[in-house]
Enquirer: 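Pasting a structure here, questions to come.
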Amino acid sequence: MKKASSADTLYKVFIYVVLITLAVVIIVPVGWVFLASVKQNSEFYGNPWTLPATFYWQNFVDAWTAAKMGSYMLNSVIVTALSLAILLVVALPAAYCLSRFHFRGGKFLNTAFMAGLFINVNYIVVPIFLMLRDWDSWMNYLFRLNNVFMNNLVTLAVVYASTALPFTIYLLSGYFATLPHDFEEAAYIDGAGYGQAMIRVIFPMAQPSILTIILFNFLSFWNEYIISMTLMNSATGQKTLPVGLLNLMQASQSAAQYGRLYAGLVLVMLPTLILYMCVQKKLTQGMTVGGLKG
């Protein structure tokens, strides 16, 4: 018994050491970026670990206005919100039908969605670009319209939502399958239809799982760079925050405006940190309760 107790103690100590090390590795760089964002440029040439003499908030003003980070952030907010809306409208009913009903062609659809999990979107960016470019050429030829699909925030949102469908449907289907049918049957007895039972009964019960996929996809859409850089390739200003941040990094390094650079990094990180803190408990519940049978 003593040996087992000693082994358990050593295991717990090992786990705590690993967790503390991981926390330090993550927290220290993030904290350093926040401190660097309020430093003046002259303070970067000394010891990088020294605290700022004063909080120089002008870096955020310059990043927001002069570097156009405010405009890029608005584009990211629009694209992310629209992508999540499209994704939820399509994925929630699809996952519900695939997990709760048996119909002809259901296995094929489920297999097709699962096959999408093995397709890395970075490998198909070029075909997507060529397809949208050809569609733009046809629209210009037929209706004399330019940039209908390329350099369009709505198109970018549709592409984001489409690429996230396989994983989202997979996660939601697994959660919906664990929910008991008794609640739906009670709703049917009370006169509810399939749509009412889905919206008023199943979706509220699946709230933790829905919040989980919202957070995961929000992080993916908000930080996505390759698709945005490829499809928003003109000088129209329709760029998302990661692409604008790259431009800011290049301009800041050449002009030695390091404070403005780190202020831009904080603007990118802050929304994700705030969202995570708001839904942390629901996120943990959605990741753990999905494997429990009701």
Side-chain angles (χ1 to χ4, degrees), residues 60-91 116 119-168 213-255 257 260-261 263-272 275:
F60 289 93
V61 176
D62 294 339
W64 187 266
T65 56
K68 299 182 179 179
M69 296 298 288
S71 176
Y72 299 149
M73 178 173 284
L74 178 61
N75 291 338
S76 287
V77 169
I78 294 174
V79 171
T80 302
L82 188 57
S83 301
L84 289 174
I86 296 173
L87 181 64
L88 292 176
V89 168
V90 176
I119 300 177
N120 192 326
V121 65
N122 296 328
Y123 300 153
I124 60 174
V125 171
V126 174
I128 292 175
F129 167 79
L130 295 176
M131 178 181 66
L132 295 178
R133 188 194 63 178
D134 291 341
W135 289 0
D136 264 348
S137 298
W138 277 103
M139 294 299 292
N140 187 20
Y141 176 77
L142 295 175
F143 305 105
R144 296 294 187 267
L145 298 175
N146 297 319
N147 292 329
V148 177
F149 298 101
M150 295 293 296
N151 307 310
N152 191 311
L153 296 178
V154 177
T155 302
L156 184 62
V158 172
V159 173
Y160 280 174
S162 302
T163 55
L165 269 178
F167 173 75
T168 303
I213 62 106
I214 288 176
L215 178 60
F216 283 168
N217 286 300
F218 173 85
L219 295 175
S220 176
F221 299 156
W222 185 264
N223 297 315
E224 201 284 322
Y225 170 77
I226 296 177
I227 300 177
S228 178
M229 183 67 180
T230 305
L231 302 185
M232 315 296 287
N233 60 347
S234 72
T236 58
Q238 299 287 348
K239 298 178 181 178
T240 56
L241 200 54
V243 179
L245 180 61
L246 177 64
N247 296 338
L248 176 61
M249 291 175 63
Q250 296 173 346
S252 299
Q253 289 175 356
S254 61
Q257 298 289 337
R260 183 189 300 181
L261 168 62
L265 289 173
V266 170
L267 292 176
V268 175
M269 292 190 301
L270 202 56
T272 59
L275 179 63

Enquirer: Is there a donor-acceptor contact under 3.5 Å from the side chain of D136 to the main chain of M150?
Expert: yes
Enquirer: Do the side chains of W64 and M73 get nearer than 4.5 Å, heavy atoms only?
Expert: yes
Enquirer: Check whether any side-chain heavy atom of L132 sits under 4.5 Å from a side-chain heavy atom of L231, and report yes or no.
Expert: yes
Enquirer: If we ignore hydrogens and angles and just use 3.5 Å, is the side chain of T230 paired with the main-chain N or O of V125 as donor and acceptor?
Expert: no
Enquirer: Can you tell if the side chain of L165 reaches within under 4.5 Å of the side chain of L87, non-hydrogen atoms only?
Expert: yes
Enquirer: Between the side chain of T163 and the main-chain N/O of V159, is any donor-acceptor distance below 3.5 Å?
Expert: yes
Enquirer: Which value, rounded to the nearest 0.5 Å, describes the distance between I214 atom CD1 and L219 atom CG?
Expert: 12.0 Å
Enquirer: Is a side-chain N or O of W222 found less than 3.5 angstrom from the main chain of V268, in a donor-acceptor match?
Expert: yes
Enquirer: Please evaluate residues T240 and V243 with respect to the criterion side chain to side chain contact (heavy atoms under 4.5 Å, CB included), reporting the C-alpha separation (whole Å), side-chain torsions for both, the decisive distance (0.1 Å), and the verdict.
Expert: CA-CA 6 Å; T240 56; V243 179; 3.8 Å; yes
Enquirer: Kindly determine whether L245 and Y72 satisfy side chain to side chain contact (heavy atoms under 4.5 Å, CB included), including the steps that lead there.
Expert: CA-CA 9 Å; L245 180 61; Y72 299 149; over 6 Å; no
Enquirer: Would you check if the side chain of T155 reaches a backbone N or O of N151 as a donor-acceptor pair within less than 3.5 Å?
Expert: no
Enquirer: Looking at M229, I'd like to know if its CE atom is crowded, meaning that more than 12 non-hydrogen atoms belonging to other residues, nucleotides or ligands lie closer than 6.0 Å.
Expert: no
Enquirer: Within the side chain of S228, is there an N or O that forms a donor-acceptor pair under 3.5 Å with the backbone of Y225?
Expert: no
Enquirer: Students often mix this up, so state it plainly: with edges at 30° and 60°, are the rings of F221 and Y160 parallel, tilted or perpendicular?
Expert: parallel
Enquirer: Please examine the side chains of V148 and F143, heavy atoms only from C-beta on, and report whether any two atoms are closer than 4.5 Å.
Expert: no
Enquirer: How long is the gap from OG1 on T168 to CG on L88, to the nearest 0.5 Å?
Expert: 8.0 Å
